[in-house]
Amino acid sequence: MLGLIRAQGGAGHMPNVAKAQPSAGCKRAETAALLLEWWDRERRELPWRTRPGASPDVYRVWLSEIMLQQTTVRAVIPYYERFLARWPTVVALAAAPLDEVLAAWAGLGYYSRARNLHKCARLITQVHGGRFPATSGELVKLPGIGPYTAAAIAAIAFGEAVTPVDGNIERVLARLFAVTAPLPGSKPTLRGLASSLTPPARAGDFAQALMDLGASVCTPKRPSCLVCPLQATCAAHAEGLAAQLPLKPAKSDRPLRVGLAFVALREDGTVLLRRRPEAGLLGGMLEVPSTEWSEALPPLDQALRAAPVHGQWWAVPGTVTHTFTHFCLELMIYRAVVPTETALTFWADPQRCRWVPRRALQSAALPSVMRKVVAHGLREQ
Ligand code: SF4
């Protein structure tokens with residue numbers, strides 16, 4: 001069994017973490033070997049993975065790792081396949097207009113990833129001669145690549161002996177070593193444990209094996225310890241702590257923000273959309289103009305003054321709701337049909353606006369929340 005790592009200290013203090021018991025070290029090579037043996041039999045077949053023995057394509061590894069940030073494998077697969085079919089190399093992706101990349105990304109969420117993907121592709125093409133740097137230390141300097149993604153790419157594509165540590169891998173490690181100090185304070189300990197387990201050879205396979213174990217066996221609520229290849233070396237299993245770990249601070253509820261969105265439909269069949277500022281939430285994506293999203297709605301007459309065109313605005317029954325990472329949004333939708341020659345108001349910020357034909361909305365770079373707004377605002381009453 002791997003050593004227990006106990007939290008010390010009372011309530012209100014960051015717990016100290018004791019060192020792993022000395023006997024743990026001799027089991028680490030065995031743990032890595034058991035995990036790799038299991039992975040050779042049970043690995044998930046995913047479109048970005050190469051066959052055993054084949055050399056990975058770093059472009060595919062990078063593309064999949066960026067898409068997988070904060071997103072499930074199931075959601076990523078169709079996007080990954082479409083991107084790869086349309087832009088089979090980093091050079092092809094770099095040559096694509098940003099708008100097309102954003103439109104192809106629409107629906108996958110966390111849109112700064114798409115802008116950084118494109119920026120990174122251009123940097124690789126223009127500065128690095130179309131070749132990705134081969135170390136995690138260099139990769140982490142590129143746009144959109146944080147420490148986890150850099151380690152994942154370096155291990156999988158280049159065999160660097162590093163292990164990426166995300167929430168899933170933290171969970172597996174916290175259980176394997178029975179780390180009872182709560183997250184996020186225990187993160188440095190868990191990263192250290194990941195390093196201590198990383199085998200000098202097959203680091204990429206080891207990283208993917210940990211990912212697969214976390215996804216299919218050592219799952220958040222009910223870990224399947226009975227079929228786990230690491231059961232014999234797992235401290236949490238031996239202690240009966242598996243389902244309780246890792247410990248986390250209590251979650252606070254997401255706050256609610258509200259606003260009014262204005263679906264302006266021109267008589268020529270176009271709909272008014274606006275590009276959001278590059279920085280911040282949904283940066284660079286298109287939106288339906290709206291009021292500020294705030295804790296409470298201003299009085300209706302004041303809110304309607306933020307409309308992007310003058311017209312007969314009427315409330316579409318119902319609301320649109322959407323959950324972001326840090327808050328929930330509820331939008332009331334107002335709609336107006338206006339003449340084709342209608343001028344935009346000052347509040348519309350005309351430089352950022354454009355009239356988009358209804359038939360082109362499907363392929364526009366609209367994030368999921370705005371697709372809901374458009375669908376709600378245009379539906380027949
Ligand atoms: Fe996770 Fe259970 Fe395996 Fe330990 S034995 S690594 S808790 S599934």
Side-chain angles (χ1 to χ4, degrees), residues 1-8 15 17-46 49 68 72-74 148 151-152 155-156 161-251:
M1 181 179 55
L2 294 168
L4 270 62
I5 298 188
R6 290 286 185 219
Q8 310 283 312
V17 176
K19 283 186 179 166
Q21 292 171 0
S23 61
C26 63
K27 291 283 185 185
R28 291 178 186 175
E30 183 193 341
T31 300
L34 285 170
L35 188 60
L36 285 167
E37 238 171 63
W38 169 79
W39 195 67
D40 287 341
R41 289 191 315 271
E42 307 285 343
R43 53 181 261 154
R44 288 182 294 175
E45 294 306 326
L46 298 172
R49 286 187 174 168
L68 286 164
T72 62
V73 165
R74 182 189 290 195
Y148 171 86
I156 298 168
V162 286
T163 294
V165 181
D166 65 353
N168 279 323
I169 294 181
E170 279 173 354
R171 181 177 63 253
V172 175
L173 293 167
R175 289 171 176 172
L176 268 178
F177 291 88
V179 177
T180 55
L183 288 166
S186 57
K187 280 176 182 281
T189 302
L190 296 172
R191 281 199 294 271
L193 292 170
S195 294
S196 74
L197 276 182
T198 308
R202 297 191 69 192
D205 290 349
F206 180 73
Q208 293 175 92
L210 272 177
M211 293 173 193
D212 283 8
L213 192 82
S216 61
V217 178
C218 195
T219 49
K221 290 205 175 107
R222 278 188 221 96
S224 306
C225 301
L226 290 181
V227 296
C228 179
L230 305 184
Q231 190 200 98
T233 65
C234 178
H237 175 68
E239 288 285 303
L241 290 173
Q244 281 110 286
L245 296 180
L247 297 183
K248 293 180 184 167
K251 269 193 185 163

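Below, all heavy atoms of this structure are taken into account, side chains as well, without hydrogens, waters or symmetry copies. Atoms within a ligand are numbered from 1 in the order they appear, just like the ligands themselves. Not measured: the values here are computed from a predicted model.
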* Asked: So with a 6.0 Å cut-off around CZ of Arg74, is the heavy-atom count from everything else above 12?
  -> no
* Is there a side-chain contact between Leu226 and Gln231, using heavy atoms and a 4.5 Å cut-off? -> yes
* So, do Leu213 and Leu230 sit near enough that their side-chain heavy atoms are less than 4.5 Å apart? ->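 With C-beta onward as the side chain, the pair touches.
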Contact atoms of ligand 1, heavy-atom distance to [X] under 4.0 Å:
| X | value |
| --- | --- |
| Cys234 | 4 (Fe), 5 (S), 6 (S), 7 (S) |
| Arg175 | 7 (S) |
| Gln231 | 5 (S) |
| Ala242 | 7 (S) |

* Counting heavy atoms only, which of Ser216, Ala232, Gly214, Cys218 is nearest atom 1 (Fe) of ligand 1? ->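 Among Ser216, Ala232, Gly214, Cys218, the closest heavy atom to atom 1 (Fe) of ligand 1 belongs to Cys218.
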* Could you check atom 2 (Fe) of ligand 1 against the protein and tell me its nearest heavy-atom contact, residue, atom and distance included? =>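 Checking every protein heavy atom, the shortest distance to atom 2 (Fe) of ligand 1 gives Cys225 SG, 2.3 Å.
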* Of the backbone and side-chain N, O or S atoms of Cys228, does one lie nearer to atom 2 (Fe) of ligand 1 than 2.8 Å? ->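 Under 2.8 Å: Cys228 has no N, O or S contact with atom 2 (Fe) of ligand 1.
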* Asked: Does a salt bridge link Arg28 with Glu30, judged by any charged N lying under 4.0 Å from a carboxylate O?
  ->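 No, Arg28 and Glu30 are not salt-bridged.
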* Of the side chain and backbone of Ala236, name the one, both, or neither that has a heavy atom under 4.0 Å from an atom of ligand 1. => neither
* Considering non-hydrogen atoms only, spot the tightest contact between Ala209 and Trp38 and give its length. => O-CZ3, 3.7 Å
* **Nearest atoms (heavy-atom pairs only) where Pro199 meets Ala161** =>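 Closest approach of Pro199 to Ala161, heavy atoms only: O-CB, 4.1 Å.
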